[in-house]
Amino acid sequence: IAVGVVAALGISLWGGSAMAQGDSYTIKFGNVISAGDTQNQGYALFADLVKERSDGRIKVQVYPDSQLGGEREMIEATQFGDIEMTAPSVGVLANFDKSLEVFDFPFIFEDAETAYKVLDSELGDEMLAGLQNSGLIALGWGENGFRNLAMVKGTVKTPDEMKGIKLRTMQVPMHIAYWRSIGAAPTPMPFPEVFTSLQQGVVDGVENPYELLYSAKFTEPAHYLTETRHIYDPEVILISKDFFEGLSAEDQKIIQGAADEMVAKIRSLKATISDEIRAKIVAAGGTVTDLTDAERQQWIDSAIPFYKENASKVDTEKLKAILE
Ligand code: PAF
């Protein structure tokens with residue numbers, strides 16, 4: 001990935017810098033994910049590798065659990081150089097670079113392998129490179145995973161049953177449009193507000209990968225889960241463009257190399273975590289329902305009006321390329 005991104009970026013990689021060769025400094029890496037989750041295990045590996053390969057000169061301080069704010073705030077903080085790194089969901093990032101909206105289409109990826117094929121292709125590299133126009137450099141694709149439903153009052157099996165349901169979504173226009181198109185009442189709100197909203201009945205349910213639903217304790221109030229896998233949600237590992245371009249060639253290489261290993265680690269952890277967490281949810285008294293083939297087909301078909309309405313509003317060529 002790195003080679004492709006670097007080539008597509010066409011920036012002064014390995015070039016001159018504001019930071020002199022051999023300087024010591026700290027990189028602040030903010031994220032909203034719970035401290036023990038697989039992503040933060042990947043970020044911790046990144047911090048260790050960077051420290052080791054720079055002989056302790058470069059320290060990566062990871063701030064999990066929304067300590068530095070929500071995803072939008074941290075993207076802006078990275079753009080302005082208030083923090084150096086963050087790793088938002090591609091959906092939230094699409095508010096900053098519209099071309100990424102193609103990943104917000106439901107049921108676009110059947111499984112993670114298919115998603116990786118696209119993310120690791122020239123198209124994926126091109127999309128990461130496009131972020132430099134927003135003052136950001138993407139070091140690679142991280143992963144939230146496949147999003148599933150978690151409801152407070154009872155299990156939902158078919159899209160028809162979503163009619164009138166208040167579902168917390170991310171602040172992502174395409175997600176909101178899909179849920180609205182099937183008659184639900186999408187309620188966008190930042191992640192840190194969701195637990196209380198579920199408890200107080202402000203929303204009837206939430207959608208996220210199992211690991212994030214569980215570690216954020218959403219599965220306590222919302223313990224009727226359905227494995228809809230409606231959206232595959234990649235995250236993007238971002239570093240401030242001004243900051244990165246100001247580093248020595250040696251340090252850029254250390255950071256990009258460690259990021260490549262972090263991405264590989266996150267993917268390998270994600271391969272098994274959903275099943276592990278699903279078992280924990282059930283052991284804690286939750287209900288997890290699989291869809292029959294016919295029910296899954298109903299969900300896929302439910303997205304057709306959404307595709308018809310929205311395909312022309314995004315980068316249609318990219319959408320077609322992904323679908324192909
Ligand atoms: O639901 C969300 O807001 C996102 O999935 C999360 C947990 C912030 C990760 O990007």
Side-chain angles (χ1 to χ4, degrees), residues 29-43 62-78 83 85-97 100-101 103-106 109 112 115 119 131 136 138 140-151 166-176 178-179 184 186-198 202-222 225 228-238 262-263 266-267 269-270 273-274 277:
F29 184 171
N31 69 83
V32 296
I33 307 296
S34 299
D37 277 4
T38 46
Q39 277 121 300
N40 268 304
Q41 293 175 43
Y43 309 155
V62 180
Y63 296 89
D65 281 314
S66 309
Q67 283 174 42
L68 303 184
E71 292 198 313
R72 281 187 83 116
E73 281 167 279
M74 285 191 283
I75 296 169
E76 283 165 9
T78 309
I83 62 175
M85 287 184 69
T86 190
S89 155
V90 79
V92 175
L93 193 56
N95 290 299
F96 296 76
D97 179 348
L100 293 168
E101 280 190 324
F103 292 116
D104 298 333
F105 277 55
F109 295 124
L119 299 176
L131 284 159
L136 298 163
W141 296 103
E143 177 168 331
N144 281 328
F146 278 95
R147 301 178 79 88
N148 294 313
L149 282 176
M151 310 304 294
K166 282 181 275 160
L167 182 73
R168 180 273 172 175
T169 67
M170 289 193 282
Q171 291 151 309
V172 174
M174 288 298 144
H175 292 191
I176 295 167
Y178 165 64
W179 293 110
T187 311
M189 72 177 68
F191 194 68
E193 291 168 28
V194 180
F195 183 78
T196 314
S197 301
L198 287 165
V202 176
V203 288
D204 304 312
V206 56
E207 48 85 55
N208 243 302
Y210 287 146
E211 185 184 19
L212 304 185
L213 289 168
Y214 182 73
S215 60
K217 301 196 176 4
F218 298 164
T219 47
E220 289 175 12
L225 287 88
T228 45
R229 295 166 64 84
H230 50 271
I231 285 165
Y232 172 77
D233 186 14
E235 62 173 21
V236 184
I237 314 290
L238 295 174
M262 155 171 65
V263 167
I266 291 173
R267 285 187 183 178
L269 291 170
K270 288 284 181 188
I273 193 71
S274 277
I277 298 287

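All ligand and atom numbering here is 1-based and tracks the order in the structure.
- For ligand 1, the atoms closer than 4.0 angstrom to any heavy atom of Val32 are 8 (C).
- Salt bridge annotation for Arg168-Glu193: absent, with no cationic side-chain nitrogen under 4.0 angstrom from a carboxylate oxygen.
- When non-hydrogen atoms are compared, ligand 1 lies under 4.0 Å from neither the backbone nor the side chain of Val92.
- Atom OH of residue Tyr63 and atom CZ of residue Phe29 lie 13.0 Å apart, to the nearest 0.5 angstrom.
- Between Leu167 and Val203 the shortest side-chain heavy-atom distance does not fall below 4.5 Å.
- In terms of modelled atom types and a separation under 3.5 Å, the side chain of Asn31 and the main chain of Val62 share no donor-acceptor contact.
- The shortest heavy-atom distance from Met170 to ligand 1 is under 4.0 Å.
- A 4.5 Å side-chain heavy-atom check between Pro209 and Arg147 finds at least one atom pair inside the cut-off.
- Inspection of the Thr187 and Lys166 side chains reveals no N or O donor paired with an N or O acceptor under 3.5 Å.
- Only the side chain of Glu71 comes within contact range of ligand 1, with a heavy atom under 4.0 Å; no backbone atom does.
- If you number the atoms of ligand 1 from 1 as listed, the ones under 4.0 Å from a heavy atom of Asn144 come out as 9 (C), 10 (O).
- Of the listed options Leu213, Leu93, Asn208, Asn208 places a heavy atom closest to atom 5 (O) of ligand 1.
- Here the rule is ring-ring contact (aromatic ring centres under 6.0 Å, His included) with His230, and of Tyr178, Phe146, Trp179 only Trp179 fits it.
- Put simply, no part of Glu207 is less than 4.0 Å from ligand 1, judged by heavy atoms.
- Residue-level proximity to ligand 1 for Arg168 is carried by the side chain, the only part with a heavy atom below 4.0 angstrom.
- Atom 7 (C) of ligand 1 has Phe191 CE1, 3.3 Å as its closest protein atom, hydrogens excluded (heavy atom only).
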